[in-house]
**Student:** 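Following this message is one structure expressed as structure tokens.
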Amino acid sequence: KKTNLSNSPYLGIYSYTNDDFCLVPNTIDSKEEKILEEMLDAKIIKTTINQSSLLGVYLVGLGNKLIVNEDSIRSSELEFLEKEGFNVKLIKDYNALGNLISVNKNYGFASTLLSAETVKDISKFLNIEIERRNCVGIDLPGSSIYSNDNLFLVNPNISDDKKTSIW
């Protein structure tokens with residue numbers, strides 16, 4: 001199926017998804033919501049982060065653990081997520097974590113823009129090893145690498161020799 005989210009084809013900017021749930025903007029229309037719910041077979045949760053619909057830009061996480069910059073989430077948004085069963089870690093570093101970090105249950109990559117201490121805290125919270133590195137010469141591995149527990153997709157500009165060094 002094909003769909004837009006908030007009238008945009010950039011689904012990853014507006015949503016945060018894993019096997020169990022999909023966080024989407026409050027502004028999602030019922031047709032889009034129904035398509036996502038059917039195709040993903042996941043609970044749809046409507047919310048905002050930083051009073052914005054750009055959930056995928058602000059959030060990173062695994063399972064019911066989410067990470068967000070402490071200045072990028074309102075107390076009402078945090079309370080809502082915690083009521084929905086999420087364990088939310090607040091950090092002080094950069095705020096566009098969806099662009100800066102890519103993780104699965106085994107391993108992760110974080111931008112070199114993030115401090116080593118922040119990456120260490122996130123690694124401990126998610127209970128996985130996270131490596132600080134760039135991808136294809138840019139410091140946004142979260143926007144260049146998509147991974148889940150079964151596969152990964154990388155920016156098509158990555159060279160073959162770099163593919164093997166990443167994994």
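Residue numbers run from 1 in the order of the sequence given.
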**Student:** Write out all pairs satisfying side-chain hydrogen bond (donor to acceptor under 3.5 Å, both in side chains) with one or both partners inside residues 40-50, taking only residues at least two apart or from two chains.
**Tutor:** Glu33-Lys46, Lys43-Glu84, Thr48-Glu77, Asn50-Tyr58, Asn50-Arg74
**Student:** For the atom pair CG (Asp71) and CD1 (Ile91), what is the distance rounded to the nearest 0.5 Å?
**Tutor:**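 Those atoms lie 10.5 Å apart.
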**Student:** Any chance you could measure Leu62, atom CG, to Asn18, atom CG, to the nearest 0.5 Å?
**Tutor:** 8.0 Å
**Student:** Is there a side-chain contact between Ile28 and Leu36, using heavy atoms and a 4.5 Å cut-off?
**Tutor:** yes
**Student:** Heavy atoms, side chains only, cut-off 4.5 Å: are Val57 and Asn99 in contact?
**Tutor:**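 Val57 reaches Asn99 side chain to side chain.
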**Student:** At what distance, to the nearest 0.5 angstrom, does CG of Asp29 lie from NZ of Lys34?
**Tutor:**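 Those atoms lie 12.5 Å apart.
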**Student:** Using side-chain heavy atoms (C-beta onward) and a distance below 4.5 Å, is Asp20 in contact with Asn64?
**Tutor:** no
**Student:** Report yes or no: does Tyr16 contribute a side-chain atom to a donor-acceptor pair with the main-chain N or O of Gly61 at less than 3.5 Å?
**Tutor:**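 Yes.
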**Student:** I need the minimum non-hydrogen distance between Asn95 and Ser72, along with the two atoms involved.
**Tutor:** CB-OG, 3.1 Å
**Student:** Is it the case that the side chain of Arg132 and the backbone of Ala110 share a donor-acceptor pair, with hydrogens and angles ignored and the cut-off at 3.5 Å?
**Tutor:**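 No, the answer is negative, given that no donor and acceptor are paired below the 3.5 Å cut-off.
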**Student:** Can a donor-acceptor pair be found, under 3.5 Å and without considering hydrogens, that links the side chain of Ser15 to the backbone of Thr17?
**Tutor:** no
**Student:** Would you give the length of the straight line joining atom CG of Leu78 to atom CG of Leu90, rounded to the nearest 0.5 angstrom?
**Tutor:** 5.5 Å
**Student:** Please tabulate, one pair per line, all N/O donor-acceptor pairs under 3.5 Å involving side-chain atoms of residues 117-130, not counting sequence neighbours.
**Tutor:**
unit_1: Thr118; atom_1: OG1; unit_2: Asp93; atom_2: OD2; d: 2.9
unit_1: Thr118; atom_1: OG1; unit_2: Ser115; atom_2: OG; d: 2.9
unit_1: Ser123; atom_1: OG; unit_2: Ile128; atom_2: O; d: 2.3

**Student:** Output the distance between atom CG (Asn26) and atom CG (Leu55), rounded to the nearest 0.5 Å.
**Tutor:** 8.5 Å
**Student:** Looking at CG of Leu100 and OH of Tyr94, how far apart are the two atoms once the value is rounded to the nearest 0.5 Å?
**Tutor:** 8.0 Å
**Student:** Run the numbers on Leu66 and Leu23 for side-chain contact (heavy atoms from CB on, under 4.5 Å), then give the verdict.
**Tutor:** CA-CA 11 Å; Leu66 296 175; Leu23 295 173; 3.9 Å; yes
**Student:** For Ile67 and Ile101, what are the C-alpha separation, side-chain angles and deciding distance, and is it a side-chain contact (heavy atoms from CB on, under 4.5 Å)?
**Tutor:** CA-CA 10 Å; Ile67 304 161; Ile101 301 171; 5.8 Å; no
